[in-house]
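Values in this document were obtained by computation on a predicted structure and should not be read as measured data.
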Amino acid sequence: MLYIIRKMRSQFNSWALLSVIFSTLILLPALLIMVQLFAESNENWEHIKEFMLKNYIVNSVTIVGFTGLFTVIIGVSAAWLVSAYKVPMHQFFKWGLILPLAIPPYIGAYTYHGILNYTGVIQTSLRNQFGIKVDQKFFDIMNIPGAVFIFTMFLYPYVYIITKSFLENQSSSLIENARLLGKGSFMTFIQVVLPVSRAAIVGGVSLVILEVFNDYGVVKYFGIQTFSTAIFQAWFGMGDIYSAIKLAGTLMFIVVLILILEKVIRGRKQYSYSTSKVRPLQPKELKGWKKFAVLSYFISLFALAFAIPFIQLLHWVYMTYDVILSATFADLIWNSIFVAAIGSVLIIMVALIIANFSRLSKGWLGKVFSKITVLGYSIPGAVIAIGVLTLFLSLDQKVISLYEWLGLEPTLVLSLSISMLIFAYVVRFLAVGFNSIESGFDKVGTVFTEASRTLGMSVTKTFFKVDIKMIKGAIAGGFILVFVDILKELPLTLILQPFNFYTLATKTFQYASDERIHEASVSSMVIICISALSIFFLHRVLEKEPK
């Protein structure tokens, strides 16, 4: 500890101190969970461990495994076809295939169940228009295969975006040489594109896996027993925070193992060019049946992942907007925007401090802080919620003791406040803002900072007068990404929201849980529209960024 303090003094004093404080706060909830994981067990945990834990593990791993497989197949194939070939509406599909990210999986699950159930548009049309009665099992989506379908449709853009970005910057000579050597399109894809793109693919599917582990809305609505539902049952159903902590710790242990496996799969193989003359991959015009096949694939994917659920939600909004739109609904929008805005501002501020210290620090300390910063995003929201709740309850015990000593009425101040929820958002999504700002700093380098320091400016003055102005686009992009993530966040908000405080996400979940799917459409549509506009605005910001 003394070594770290001396190291900080030798570097940027206040910047290093702030980085230590923020990094410690980010790490604290996870450490509390890991400590409690080895605490003495109670009867509830023994029952869960003996009869239910295996089922949680099997269901969670099954959903994650198949979702990862199908998102890789869809995301990589779509990225390759968009990058390598040109079809009608090519520019539209290039960005249109990203739009499913605007629909949170839990909203997609409610919508597809409403479409496919007995009173849905498909079965109603078959009965009324064609006189066909069908077996309900054929349209049953509320099972593990149905959950895999939902996650695949609304999470494949993570793989698609990262892989497409990588492929578009690849040298076209790789593909041309493969073709000259007699390789067809399919073998070129298998033997050249996939090996070269391995790191990008693994990075994309890792995000998908983390999102599936984080989910609560889909598995809860479909009645599937996973770690997320188990944590909620232990805390809200049994009132047993100790069993919830042990479940959270077990899930965190599994996630860590998967992240280690990801590093092993990525390996140390790297592909680089031996020449500076790199020609980006140029899409080739398709003709005949191949053009029709690729176009049909794009249309089908866009329809299933965005157009169909979006149109259905619009129809339900038209049916129920006059009932739902009220002053209470305006409060929902305000609550959602308020916590998302406050959380995003705090995250960007903390990310700026840590990222600036990490880039200027030449030692290992800066690297450690940057690794700790991104830890939160790899931990599911329900796990972070339990860790934050444990931290704030312990702090409240200290506050209650102080109240008693002062002769005041004991009360839970911190663990019933909105500050706990916003702190949890900072822990969960700091990595999103940090990655955006770090990439901005990487683009501008340290040349201008060093020049400013040479002219006599302090580190702090240089930061405000030079550094921030040069990464405005990265700051705006990070803010938008964090804002959208907080707006859509469900499990963390459900656990930590103050009494009688609802957001658009939690109200949508409440309506759907009460089988009021039509009423859930209005809040769902607001989330989707804000997310879609944010994605569009982010694209515009990135377009204006200097390359």
Asks: Give the table of side-chain donor-acceptor pairs shorter than 3.5 Å for residues 474-489, with sequence neighbours excluded, one pair per line with atom names and distance.
Replies:
{"residue": "Lys488", "atom": "NZ", "partner": "Leu101", "partner atom": "O", "Å": "2.8"}
{"residue": "Glu489", "atom": "OE2", "partner": "Leu492", "partner atom": "N", "Å": "3.0"}

Asks: Check ring-ring contact (aromatic ring centres under 6.0 Å, His included) between Phe302 and all other residues, then give those that pass, not counting sequence neighbours.
Replies: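 Residues passing ring-ring contact (aromatic ring centres under 6.0 Å, His included) with Phe302: Phe92, Phe306.
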Asks: With Ser60, which residues qualify under side chain to side chain donor-acceptor pair (under 3.5 Å), at least two apart?
Replies: none
Asks: State which residues pass side chain to side chain donor-acceptor pair (under 3.5 Å) with Gln312; sequence neighbours excluded, sorted by chain then number.
Replies: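 Gln312 satisfies side chain to side chain donor-acceptor pair (under 3.5 Å) with no residue once adjacent residues are dropped.
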Asks: With sequence neighbours excluded, what pairs up with Val212 under the side chain to side chain contact (heavy atoms under 4.5 Å, CB included) test?
Replies: Ile63, Val64, Thr67, Phe151, Leu155, Val208
Asks: Residues two or more places apart in sequence or in another chain: which of them pass side chain to side chain contact (heavy atoms under 4.5 Å, CB included) with Val72?
Replies: Val76, Ile201, Val205
Asks: Which residues pass the ring-ring contact (aromatic ring centres under 6.0 Å, His included) test with Tyr297, not counting sequence neighbours?
Replies: none
Asks: Taking only residues two or more places apart in sequence or in another chain, which ones pass ring-ring contact (aromatic ring centres under 6.0 Å, His included) with Phe66?
Replies: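 Residues passing ring-ring contact (aromatic ring centres under 6.0 Å, His included) with Phe66: none at all.
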Asks: Going by side-chain hydrogen bond (donor to acceptor under 3.5 Å, both in side chains), name the pairs with one or both residues in residues 216-226, residues two or more places apart or in two chains.
Replies: His113-Tyr221, Gln225-Gln233
Asks: Side chains of Thr506 and Thr503 only: does a donor on one sit below 3.5 Å from an acceptor on the other?
Replies: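 There is such a pair between these side chains.
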Asks: Looking at residues at least two apart in the chain, or sitting in another chain, which of them share a side chain to side chain donor-acceptor pair (under 3.5 Å) with Asn214?
Replies: Arg428
Asks: Do Leu301 and Tyr156 have side-chain heavy atoms sitting under 4.5 Å apart?
Replies: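 When only atoms from C-beta onward are counted, Tyr156 and Leu301 do touch, with a gap below 4.5 Å.
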Asks: Check for a donor-acceptor pair, side chain of Thr71 on one end and backbone N or O of Gly68 on the other, with a separation under 3.5 Å.
Replies: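 Pair found, side chain donor or acceptor close to backbone of Gly68.
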Asks: Tell me every residue that passes side chain to side chain contact (heavy atoms under 4.5 Å, CB included) with Leu207, counting only those two or more places apart in sequence or in another chain.
Replies: Tyr158, Ile162, Tyr377
Asks: Who passes side chain to side chain donor-acceptor pair (under 3.5 Å) against Thr508, sequence neighbours left out?
Replies: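 Partners of Thr508 by the side chain to side chain donor-acceptor pair (under 3.5 Å) criterion, ordered by chain and then number, come out as Ser523.
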